[in-house]
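Remember, it's a predicted structure, so these values are computed and weren't measured experimentally. Numbered from 1 within each chain, the chains take letters A, B, ... in sequence-line order.
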Amino acid sequence: MTEYAIETKQLTKLYGEEVGVNNLNLHVEHGKIYGLLGRNGAGKTTTMRMLLNLVNPTDGKIYLFGEDYKNCPAKIFRKIGSIIETPGFYENLTARENLQILAMLRGKHRKDSIDNALRIVGLLDETKKVFSDYSLGMKQRLGIAAAIMHEPELLILDEPINGLDPIGIHEIRNFLLSFCKEKGTTILISSHVLSEIEQLADVIGVMHEGRLIEEVDMKELHKRNRQYVEFRISNENMACVLLEKHFNINDYTVHENNTIRIYYGIEKRGEINRCFVDNGLLVTKMNINEEKLEEYFSNLIGGGKIG
Amino acid sequence: MVNLIRSELLKLKRSKMIIISILGAMVTPIMVFVGVLKAKFTTADKIVTYADIFSESNLYIMLLFGVIVYTVIGSYLFSREYVEKTLKIILTVPVSRVTFIVVKFLMLLVWIIALTVITWVCSLFFAVLSRASEFSMLILKQSIIEYFWGGILLFLMISPFVFIAIYSKGVVVPIITAASVVMINIAVSNENLAALFPWTSSYLLVTGQIENTGYPMWLAIFLISLVSLSGFISSVIYFKKEDIV
């Protein structure tokens, strides 16, 4: 039986009559990077807040490291680092002083933990600047430092690369990958930048209107036959009938400009083409394409962009 | 708990609120001193005693300025965690919500007592400067006791404003409420009904004037306790159940 770092059962959050999260069953395996995707308002941040005990669930269960998080919150949450949206720190304090507060509250910590965390995010030399004078990118870096300074077993990161410049994004991405691979840290990360998740995640969960509509391994996702052959024909309705009748193909989609995409049986494209022509259809275009991940998820959540 | 208190102290480093509160604590002794100077200019042989200066300063602190200054401090201590969005990082350490709020109240108490000491020292300084008469150790001792209990009672009476600060997540609403309370203090301070208004009766209790109102002392203590406990309990319950967004 797989042991999960995070598991939720029928997790639900209602704000009055509005549904924030709806019967969410999330499964984040130990040592994996789990990317949570969804449009704004899909329920990603609410889910993360519930996992961190900042928001009380209306219903359902949360298990962290196999335990109900309410049974022993101190023991469990010490193993977690987090960033929720834009990180908040005391504006009159420097980065080091802000991290000192967290270290004090945690009690036990390595002496060099603050220096290490600041070095990783490139803030070690910012000794005098107070948080209120930080740029958005610096604030985000400090948030990451706060999340990793106690070397947690689980990182919950909500949009952690917001505000970072491309070099910063590259650095943090590499750091998260090495953190996961070398130390076996489990990471739950949400981002509106789909390409980032694609480069990081082992597993992807897609949320839409509070529900988890897809939870899929990235390898499995890439393995899936998202390659398709696209035909532009004179009559797409007849083409559909021919596909189903002669080739028993149901996995296709019809698009604008008399275009039809066939996902199954691509190797039979020559025969399909001949069949279309023999039945009086005019084929003006045929090409093989691979559906982009963004397109796939857009289709999954019913159009529009992820994020 | 000790680490939480240490962290609360560190949070105040470079905070402008420290200097603002010290200036706030000095305002009443300065006001009293200006009043004494004015009286001496008007009536050259006016005699001002140490007891007068301590008593007037305590009156202004407990009924007027202290209510506002301590509300500002209390609201700042609690609401800054919302304004600076720090709760989501502190509570996930994790820190117990109840312990967190108890430590905050403890900080408020320490701060109020420290400011009470500043007010008392300033009052003494201005009493010496204005060449007040009838100095005695008994008066000093009595004033220290009155100031100390005044500070404690003011702390107790600030708890409802703290709840308002937590609920409204800012300092504006509690300050407006505190200003309204000050207006009522002014309106009822010379009436017997003052014994029934906890913010005014605190002063009457400290200065031993409660029985002059005709109302029993237990009633004033009961009302003060009721209002104070309501503030504390509602703050804890609300904060414990609140969703941090």
Side-chain angles (χ1 to χ4, degrees), chain A residues 13-15 20 45-46 48-58 69 72-94 96-109 128 130-132 139 142-143 145-147 149-150 152 156 158, chain B residues 1-22 72-73 76-104 106-107 111 166 169-171 236-245:
Chain A
K13 179 66 186 176
L14 302 175
Y15 295 102
T45 303
T46 305
M48 289 183 162
R49 286 182 198 276
M50 284 194 281
L51 294 175
L52 292 165
N53 203 16
L54 292 170
V55 166
N56 299 306
T58 309
Y69 78 144
C72 193
K75 185 182 137 202
I76 291 171
F77 284 105
R78 273 178 215 288
K79 295 194 271 187
I80 300 175
S82 63
I83 298 178
I84 297 293
E85 292 179 325
T86 312
F89 288 96
Y90 299 99
E91 300 201 337
N92 50 315
L93 302 183
T94 62
R96 178 178 297 279
E97 288 161 350
N98 269 299
L99 295 190
Q100 272 172 355
I101 285 179
L102 298 179
M104 267 182 215
L105 297 177
R106 279 202 186 94
K108 286 182 187 173
H109 62 97
K128 289 184 180 166
V130 293
F131 185 70
S132 59
K139 288 178 179 177
L142 183 56
M149 65 180 280
H150 57 300
I156 296 177
D158 186 19
Chain B
M1 184 75 109
V2 175
N3 282 342
L4 255 173
I5 293 170
R6 281 176 59 209
S7 72
E8 284 297 325
L9 290 170
L10 181 54
K11 285 178 199 175
L12 295 175
K13 194 174 176 182
R14 296 185 207 92
S15 170
K16 287 174 187 157
M17 194 52 76
I18 298 277
I19 192 73
I20 291 169
S21 66
I22 291 171
V72 171
I73 294 167
Y76 166 77
L77 274 176
F78 286 85
S79 68
R80 75 173 296 195
E81 305 284 353
Y82 293 97
V83 173
E84 296 175 37
K85 299 182 194 303
T86 44
L87 280 175
K88 59 189 175 187
I89 204 157
I90 295 292
L91 294 180
T92 51
V93 163
V95 171
S96 144
R97 292 193 188 204
V98 175
T99 313
F100 181 77
I101 208 158
V102 167
V103 168
K104 285 277 182 194
L106 209 61
M107 272 303 295
W111 202 334
I166 294 172
K169 295 165 186 37
V171 296
V236 171
I237 291 174
Y238 181 80
F239 187 67
K240 206 176 165 195
K241 290 192 170 177
E242 182 191 25
D243 286 342
I244 307 298
V245 292

For chain B against chain A, print all donor and acceptor atom pairs separated by less than 3.5 Å.
unit_1: B:Asn3; atom_1: ND2; unit_2: A:Met104; atom_2: O; d: 3.0
unit_1: B:Lys11; atom_1: O; unit_2: A:Asn92; atom_2: ND2; d: 2.8
unit_1: B:Lys11; atom_1: NZ; unit_2: A:Tyr90; atom_2: OH; d: 3.0
unit_1: B:Lys13; atom_1: O; unit_2: A:Asn92; atom_2: ND2; d: 2.5
unit_1: B:Lys13; atom_1: NZ; unit_2: A:Glu97; atom_2: OE2; d: 2.6
unit_1: B:Arg14; atom_1: NH1; unit_2: A:Asn92; atom_2: O; d: 2.7
unit_1: B:Arg14; atom_1: NH1; unit_2: A:Glu97; atom_2: OE1; d: 2.8
unit_1: B:Arg14; atom_1: NH2; unit_2: A:Glu97; atom_2: OE1; d: 3.3
unit_1: B:Arg14; atom_1: NH2; unit_2: A:Glu97; atom_2: OE2; d: 2.9
unit_1: B:Arg80; atom_1: NH2; unit_2: A:Asn92; atom_2: OD1; d: 2.7
unit_1: B:Glu81; atom_1: OE1; unit_2: A:Tyr90; atom_2: OH; d: 2.6
unit_1: B:Glu81; atom_1: OE2; unit_2: A:Tyr90; atom_2: OH; d: 3.1
unit_1: B:Glu84; atom_1: OE1; unit_2: A:Glu91; atom_2: N; d: 2.9
unit_1: B:Lys88; atom_1: NZ; unit_2: A:Ile84; atom_2: O; d: 2.9
unit_1: B:Lys88; atom_1: NZ; unit_2: A:Thr86; atom_2: O; d: 2.9
unit_1: B:Arg97; atom_1: NH2; unit_2: A:Asn53; atom_2: O; d: 3.2
unit_1: B:Arg97; atom_1: NH2; unit_2: A:Leu54; atom_2: O; d: 3.3
unit_1: B:Lys241; atom_1: O; unit_2: A:Asn56; atom_2: ND2; d: 2.9
unit_1: B:Asp243; atom_1: OD1; unit_2: A:Asn56; atom_2: N; d: 2.9
unit_1: B:Asp243; atom_1: OD2; unit_2: A:Lys13; atom_2: NZ; d: 2.7
unit_1: B:Ile244; atom_1: N; unit_2: A:Leu54; atom_2: O; d: 2.8
unit_1: B:Ile244; atom_1: O; unit_2: A:Arg49; atom_2: NH1; d: 3.2

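For the pair A:Ala74 and B:Pro94, the tightest heavy-atom approach, listed with the atom from each and the gap, is CA-CG, 3.6 Å.
Heavy-atom pairs under 4.5 Å with chain A were tallied for B:Leu4, B:Val2, B:Val245; the largest tally goes to B:Val245.
Within the 4.5 Å cutoff, the side chain of A:Ile101 has heavy atoms near those of the B:Ile90 side chain.
With sequence neighbours excluded, the residues that form a side chain to side chain contact (heavy atoms under 4.5 Å, CB included) with B:Ile89 are A:Phe89, A:Leu102, A:Ala146. Residues passing the ring-ring contact (aromatic ring centres under 6.0 Å, His included) test with B:Phe239 are B:Phe100, sequence neighbours excluded.
Only the side chain of B:Val95 comes within less than 4.5 Å of a heavy atom of chain A; its backbone N, CA, C and O stay farther away.
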